[in-house]
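So the structure is just underneath, and the comments pick up after that.
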Amino acid sequence: MTISPTPILDDAAVRVAVRARPLLERELSENCQECVMYSADRSEVTVGKERRFTFDHVFGPHVGQEEVYMACVKPLVESCIAGYNATVLAYGQTGSGKTHTMGSANSNFLQEHELGILPRVIRQLYKSIEEENRAEFLVKCSFVEIHNEEIKDLVHPETPSKSIFIREDANGDLVLAGVREEVVTSFEDMMKFLEIGSTYRTTGSTLMNQHSSRSHAIFTIIVEQRSIEESSDIDVITAKFHLVDLAGSERAKRTGAVGVRFKESITINSGLLALGNVISALGDERKRGQHVPYRQSKLTRLLQDSLGGNSRTCMIACISLADINQEETLNTLKYANRARNIHNKPIINRDSRALQMNQLRLQLKNLQEELINMRLREKDDACALDCYRSRGDDSSSTDLTNLPEGMSRKPHRDNLHSIQDLRDSKALISKLKEQLGVLQNENTVYQEKLEEISTDMNLLLRMIPSWETMKEIAENPILFLLAMAKRILASTKEGEMDLGVCNMQTDCNIDIVRNTQQKLEFTCSPSLSKEIPSLNDQDKENSPAGTMHLSTDIPKIIRHYLKAIQGLEKKLSNKEQELREKNRVLKDVQDDLARDEKIFTEKMREINALKLLTRELTVEKDCLLQKIQMDATIISDLSHNALAKEDELSILRASIDSLHMQPQEKDRNAHKDSFLVSSKNGHRQLCAIFNAFEEHQKPDHQVRCEDMHDLNRSNINKQDNIFQNELCSFFSENQESLQRPTAGVGTKDLYPGTESADFLPNEEAGQRNLEIMKQDFNYVGTRDVYLEKKLREITQAWHAEKQAMEEMVQAERETWEARSMYALRKQEQLERDHQALKEELENTKSLMQKAGLGIRLSAHNVRELANGDVDLRTSITC
Ligand SMILES: Nc1ncnc2c1ncn2[C@@H]1O[C@H](COP(=O)(O)OP(=O)(O)OP(=O)(O)O)[C@@H](O)[C@H]1O
């Protein structure tokens with residue numbers, strides 16, 4: 001297997017890469033400019049002029065899919081094969097290239113260089129599995145989306161969202177209950193799953209992206225591997241690889257989201273906001289150790305391990321280069337920058353039971369090796385003795401110089417001892433052989449017991465969820481558990497005691513045991529002293545064969561017993577350590593219980609606070625409803641007014657049309673309004689005055705036509721042609737300056753009281769004439785001009801009023817929408833919080849229940865231990 005034994009990686013920080021996509025055609029046609037720059041070493045990115053950020057990788061618009069994959073994701077696939085969880089997360093504004101980068105859409109029609117991360121991961125995974133010949137693999141996958149805070153199984157779309165829950169399993173890992181994980185055996189099959197899932201993914205068209213993903217998509221690959229190597233010390237390893245394509249952050253104004261899209265937009269943004277809160281709680285130094293709000297949304301709960309947990313994680317922040325997106329780009333980079341400070345705790349996910357079995361297997365192997373070594377040694381010794389004997393039976397004439405190498409060359413007396421030693425060794429070897437056999441038996445028995453215990457524990461774990469429904473358990477759960485525990489204890493103890501007796505038979509000389517028993521009683525634990533009497537029963541049968549001569553064997557026996565005592569002391573210290581361990585576990589459980597109680601109280605407080613908030617919100621909602629009602633009335637009044645104005649306008653239009661169509665019908669009697677002049681318009685109005693008077697046929701006034709375009713027609717000062725010529729040229733030269741109040745020509749004659757201005761621009765006189773005329777005329781101008789002006793004024797006023805009204809209606813509508821959305825969001829948030837709290841409460845309750853039982857059981861076992869009734873190995877904790 002390719003697994004390194006190091007449990008925790010040095011580099012546990014979340015790695016962050018930034019990828020900028022090139023300008024799209026739409027952006028080019030809008031003349032967008034690039035507002036992002038990158039450093040040559042591909043580690044820095046600058047937005048606008050000032051904001052500079054550093055990341056693990058910065059990919060410009062011309063970097064291809066392959067390069068992004070190799071730099072960011074390939075190492076994660078490798079570590080997944082090594083047993084670590086991994087996550088790749090694409091984040092960014094809508095239309096910034098997340099789906100393109102992740103390759104989470106259908107890849108069937110793409111060319112090799114266009115393939116995104118997902119197909120490449122799948123390909124590499126199967127390649128690595130094929131190359132790996134030291135383990136067998138089982139690969140499973142699932143594909144889900146979170147849309148409007150609901151989880152959907154994309155591979156099995158018929159699964160109702162309501163039956164999908166996020167849960168913690170017995171190991172504390174998060175699992176998606178209700179989502180079916182498919183076993184997949186080849187690259188092609190997994191690509192098929194990806195294709196099916198992406199077909200069912202919720203997408204929609206917005207102004208910013210024609211194929212916008214409206215949900216967060218999570219593709220999970222689970223790799224289970226089992227060692228097929230004899231020497232391997234780890235048996236089963238499981239790693240999860242999450243590939244997450246988040247929905248894009250967006251502004252409804254820019255995407256043009258209304259109705260369903262608008263609602264989606266709100267849930268997308270609130271999911272991303274919750275993710276942002278988690279990132280800042282984990283990444284902000286000042287917030288270290290504070291509560292991380294993983295439960296704020298389903299997305300954050302699902303990604304709990306990926307951010308701050310057991311996973312190696314890489315975030316790819318996708319950005320757009322276009323200056324119209326500068327603000328969003330800046331926000332994305334700030335978001336990503338915070339994620340860089342998150343430190344995860346990745347570990348290899350080993351199966352603890354498999355590990356235990358492995359250790360037992362290893363123990364067995366060591367014992368077998370020991371046996372082989374002993375046999376070899378025995379062989380050598382026997383060989384040496386034969387050699388020694390073959391040199392003569394008379395021990396006194398033996399040539400000791402020819403003894404085999406390694407044998408004693410001491411004096412004869414010592415040699416006799418050596419022979420005796422050799423015999424003893426032989427006996428010891430055979431005893432050891434027996435002991436080894438017994439140990440092997442013991443090992444087998446242990447394994448069987450262990451399996452029994454794990455079966456019982458599994459049964460127990462399976463039964464816990466249906467705890468309350470089973471009558472006999474519900475009536476007395478503790479009794480039930482104790483009965484089970486006793487059964488296991490009894491069976492294990494039986495084997496244990498038998499084995500203990502065997503051990504002692506082979507280890508000890510019975511006579512000596514009797515002699516030293518008293519001494520041992522002072523030094524050994526109650527359980528040990530309990531073991532020794534059992535030998536007394538045996539010695540009666542065994543003593544003839546087992547008796548030794550104390551006078552000759554004392555040093556050996558003492559050595560032997562010292563060894564036995566050491567062994568027993570070792571056992572004792574092991575048991576003491578186990579006891580300490582149990583006490584520690586007990587204390588932990590008690591602490592856990594206290595903490596759970598505290599959490600429980602806090603949760604109750606939170607629930608009460610939430611209830612209060614619900615009441616307040618209900619009141620607020622009622623107020624909002626009232627306000628909405630009022631707003632609706634205002635809007636309908638305003639619409640009414642607008643309709644009335646519309647009618648008024650159409651009447652006015654009709655009247656002006658009738659004026660234009662039937663000029664002969666003009667009311668000639670309304671002369672007060674019909675021939676008026678504004679001298680502000682210069683000589684043109686002079687004409688208008690005279691025309692008007694001519695038209696009006698005022699017989700008592702001498703009408704003199706003063707049209708300056710036809711001065712020859714004028715009979716004023718006709719005798720003075722020179723003056724006329726001068727006047728003519730004066731008008732043509734001073735067109736501009738005449739656009740000011742000018743004295744009316746001959747107004748003295750035309751209208752009594754006015755004075756002649758002698759055709760010269762005489763502002764004062766003109767003004768005076770005008771004032772005099774205004775006293776009699778409401779309006780100085782012709783009737784048509786007057787009506788048109790009036791209409792213009794009314795229309796303008798109406799338009800202004802209409803615009804104001806529309807703005808008011810719009811403002812009211814926006815407030816109304818905002819209020820409704822706020823109320824909706826609050827309600828949803830509340831429901832979510834409520835649900836999460838309920839779940840947490842359930843968890844806490846069951847934890848407390850379990851912890852309580854654990855304490856009682858542990859306490860029970862500790863008491864038994866103290867009385868020396870039970871071996872710690874058989875004690876059970878929940
Ligand atoms: N690196 C790139 N090179 C070329 N084109 C790209 C690149 N990244 C994105 N695009 C193009 O930009 C458009 C939008 O990309 P994509 O749909 O992946 O955005 P998104 O971030 O997933 O948007 P949403 O959040 O709305 O789903 C697509 O047409 C895609 O082909």
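Whatever order the structure lists ligands and atoms in, that order sets their numbers, starting from 1. Only heavy atoms go into these numbers, but all of them, side chains included; no hydrogens, no water, no symmetry mates.
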Exercise for the section: Considering the heavy atoms of Gly248, write down every atom of ligand 1 situated less than 4.0 Å from one of them. Expected result: 25 (O)
Practice task
Could you tell me whether the side chain of Val144 reaches within less than 4.5 Å of the side chain of Ile164, counting heavy atoms only?
Solution key: no
Handout entry: Protein non-hydrogen atom found under 4.0 Å from atom 29 (O) of ligand 1
Key = no
Problem - Cys314 vs Cys72 side-chain heavy atoms within contact, under 4.5 Å - result: yes
Problem - Residue and atom name of the nearest protein heavy atom (relative to atom 17 (O) of ligand 1), distance in Å to one decimal - result: Asn209 ND2, 3.1 Å
Completion exercise
Leu24 heavy atoms within 4.0 Å reach ligand 1 at atoms 11 (C), 12 (O)
Fill in the blank from the handout: The atoms of ligand 1 lying under 4.0 Å from a heavy atom of Pro22, numbered in the order shown, are 1 (N), 2 (C), 3 (N), 4 (C)
Problem - Which residue and heavy atom of the protein sit nearest atom 10 (N) of ligand 1, plus the separation - result: Arg21 CD, 3.9 Å
Problem - 4.5 Å side-chain heavy-atom contact, Leu273 and Asn269 - result: no
Problem - Nearest-contact summary for atom 14 (C) of ligand 1 - protein heavy atom, Å - result: Gly95 O, 3.7 Å
Fill in the blank from the handout: Of all protein heavy atoms, the one nearest atom 19 (O) of ligand 1 is Gly97 N, 3.1 Å
Problem - Criterion side-chain hydrogen bond (donor to acceptor under 3.5 Å, both in side chains) against Asp245, the qualifying member of His216, His100, Arg201 - result: Arg201
Handout entry: Plane angle bin for Tyr335 and Tyr91 - parallel if under 30°, tilted between 30 and 60°, otherwise perpendicular
Key = parallel
Problem - Gly92 heavy atom under 4.0 Å from ligand 1 - result: no
Problem - Identity and separation of the nearest protein heavy atom to atom 21 (O) of ligand 1 - result: Lys98 NZ, 2.7 Å
Handout entry: Test item: Thr99 and Ser104 side chains (from C-beta on) under 4.5 Å apart, heavy atoms
Key = yes
Handout entry: Test log, rule side chain to side chain contact (heavy atoms under 4.5 Å, CB included), inputs Ile324 and Cys32
Key = CA-CA 7 Å; Ile324 44 164; Cys32 289; 3.6 Å; yes
Exercise for the section: Answer yes or no: is there a side-chain heavy-atom contact under 4.5 Å between Ser43 and His57? Expected result: no
Problem - Closest to atom 7 (C) of ligand 1 (judged by heavy-atom distance), picking from His100, Arg19, Arg201, His62 - result: His100
Problem - Sub-4.0 Å atoms of ligand 1 with respect to non-hydrogen atoms of Ser96 - result: 19 (O), 20 (P), 21 (O)
Handout entry: Min heavy-atom dist Arg214 to ligand 1 below 4.0 Å
Key = no
Exercise for the section: Could you please spell out the steps behind the side chain to side chain donor-acceptor pair (under 3.5 Å) verdict for Gln65 and Arg19? Expected result: CA-CA 10 Å; Gln65 300 277 54; Arg19 185 183 198 191; 2.7 Å; yes
Fill in the blank from the handout: closest protein heavy atom to atom 22 (O) of ligand 1 is Thr99 OG1, 2.7 Å
Fill in the blank from the handout: In Asn349, Asp305, Asp173, the residue satisfying side-chain hydrogen bond (donor to acceptor under 3.5 Å, both in side chains) with Asn85 is Asn349
Completion exercise
Taking only non-hydrogen atoms of Gln93 and a 4.0 Å limit, the atoms of ligand 1 in range are 21 (O)
Handout entry: Heteroatom proximity flag, Asp245 to ligand 1, N/O under 3.5 Å
Key = no
Completion exercise
Note: ligand 1 atoms sitting under 4.0 Å from heavy atoms of Ser213 are 24 (P), 26 (O), 27 (O)
Handout entry: Phe53 side chain near Leu330 side chain, heavy-atom distance below 4.5 Å
Key = yes
